[in-house]
Structures are given as structure tokens and as C-alpha cells.
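The structure under discussion appears below in the form of C-alpha cells.
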Amino acid sequence: DRAEAMIRKAVALDPNTQVTRYPMALVHFVKFQREMYMSEAEHVLRLNPNHALYVASVAVDLGMMGDWERGMKWMKRAMHLNPHHPGWYHILPFMNAYRQGGYDRAWDEAQRFNSPDLFWDPLIRTAALGQLGRRSEAEKSVAELLALMPNFTTRGPKVMRRIVYSRENVELLLDGLRKAGLETRNE
């Protein structure tokens with residue numbers, strides 16, 4: 001609530017910058033306020049469709065909300081704008097391939113994520129390996145995941161939903177984690 005109040009104040013002080021508008025969009029995203037998010041996201045993209053960071057951020061959100069075609073289009077643009085983009089840009093191509101059952105492609109994208117300090121890195125590798133039936137290889141990434149987030153088995157699904165948005169996306173990932181040997185339970 002405090003963060004939202006501060007973001008609203010920032011938007012009031014400078015409503016025409018992505019620095020204030022994207023955090024406002026993100027507030028709506030994490031509160032699952034789809035229409036309000038979409039309005040803010042469109043505003044963010046209109047302000048500067050050439051800022052790779054904000055384009056990629058909106059792309060991930062759009063895809064996770066189910067607008068995969070637009071999300072992937074914007075992500076391709078972000079990657080073109082910044083050919084030396086950070087690994088997290090690959091979360092959307094990973095999830096898009098994974099949800100379609102393209103687990104080999106998903107595995108390739110998971111390896112490009114390459115952000116070893118983020119629990120998402122071993123999480124998506126583990127899910128892909130689980131779906132590919134490579135359980136013995138997945139054991140290492142399960143250990144990495146639990147080292148980064150020791151309470152993952154209880155908090156993981158809730159935290160995952162903050163990024164992958166829908167329960168369906170969470171369940172898809174959990175299926176791969178289970179196949180890799182990692183059981184979770186909802187808080």
C-alpha cells in the first residue's frame with residue numbers, strides 16, 4: 001500500500017515518463033487488475049516504444065496475461081533494440097515454448113536465461129528437464145533452486161504467480177517440477 005501511494009505520487013509529479021508509469025502498471029499486474037494494467041501498459045509503450053527495458057517488461061507481462069502473440073512481438077522488438085539484453089528477457093520465449101509443449105525449445109531458452117542469482121533460473125531449467133524426462137540432470141537444478149529459496153516447497157506457487165500471472169501457468173510449471181522430483185504445497 002505504501003509503495004502504491006508513492007508510485008501514485010510519482011505519477012502525479014511526472015505523468016509522462018516510463019519511470020513512473022511502468023511501476024504503476026506493475027502495481028495493477030501484481031493485484032491482478034487486468035484492465036487497469038492494460039491501460040497503463042499501453043501508455044508506457046506510447047511514451048517510448050524504443051526503450052528496451054520497458055518494452056521487454058511489458059512484453060513479459062502481456063504474454064503471462066495470455067496475450068502471447070503481442071507479448072512475443074514486443075519481446076522480439078526489445079531484443080532487437082538491445083542485442084546484449086539481460087537473460088531475464090528469455091523468460092517469455094521460455095514460457096511460450098513450454099506452454100505449447102515445445103520442451104526442447106523451452107530448455108534452450110531456459111539456458112539463455114542465465115541469471116544464477118535469481119531463483120527463476122533453476123526453476124525454469126528444472127521444469128524443462130522434468131518435462132523432458134531428464135530427472136537425474138534436474139536434481140542439480142532442484143538443489144540450486146532450494147539453495148536460492150529454501151522455502152520454495154511452501155511459498156513457490158504463490159511467488160511464481162506474481163510473475164507468471166495465471167494459475168494455469170503456475171500449474172504448467174509445477175507439473176514439470178513434479179516430474180523432476182520436486183513436490184510443492186500451497187500456503
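When a residue number appears, it is its place in the shown sequence, counting from 1. Below, all heavy atoms of this structure are taken into account, side chains as well, without hydrogens, waters or symmetry copies.
- Using a 4.0 Å cut-off between a side-chain N of Lys or Arg and a carboxylate O of Asp or Glu, Asp67 and Arg70 qualify as a salt bridge.
- Comment: Glu171 engages Arg178 in a salt bridge, judged by a side-chain N to carboxylate O separation of less than 4.0 angstrom.
- Proximity of the aromatic rings of Phe113 and Tyr89 is defined here by a centroid distance below 6.0 angstrom, and this criterion is not met.
- Residues Arg125 and Glu137 are not paired through a salt bridge, judged by the lack of any N-O separation under 4.0 Å between the basic side chain and the carboxylate.
- Without hydrogens or angle criteria, Gln18 side chain to Asn48 main chain gives a donor-acceptor distance under 3.5 Å.
- Under a 3.5 Å cut-off, the side chain of Asp121 and the backbone N or O of Ser115 do form a donor-acceptor pair.
- In the hydrophobic clustering (ILVMFWY side chains linked at under 4.5 Å, chained through shared members), Leu13 stands by itself.
- Geometrically, Arg134 does not engage Tyr103 in a cation-pi contact, judged by NZ or CZ lying under 6.0 Å from the ring centre and within 45° of the ring axis.
- Between Arg135 and Glu139 there is no salt bridge, since no side-chain N of the basic residue sits under 4.0 Å from a carboxylate O of the acidic one.
- Within the 4.5 Å cutoff, side-chain heavy atoms of Leu123 are placed close to those of Phe152.
- At a threshold of 4.5 Å between non-hydrogen side-chain atoms, the residues Trp107 and Ile124 do not count as touching.
- With respect to Lys73 and Glu69, no salt bridge is recorded, no charged nitrogen being found less than 4.0 Å from a carboxylate O.
- Other residues sharing the hydrophobic cluster of Met6, ordered by chain and number and joined by side-chain separations under 4.5 Å: none, the residue standing alone.
- Crowding of Gln33 atom CD: a count of heavy atoms from other residues, nucleotides or ligands under 6.0 Å exceeding 12.
- Classification of Asp108 and Arg112 as a salt-bridged pair fails, no side-chain N sitting under 4.0 Å from a carboxylate O.
- Val11 belongs to a hydrophobic cluster with Ile7, Met24, Val27, counting contacts under 4.5 Å between side-chain heavy atoms of Ile, Leu, Val, Met, Phe, Trp and Tyr, direct or through other members.
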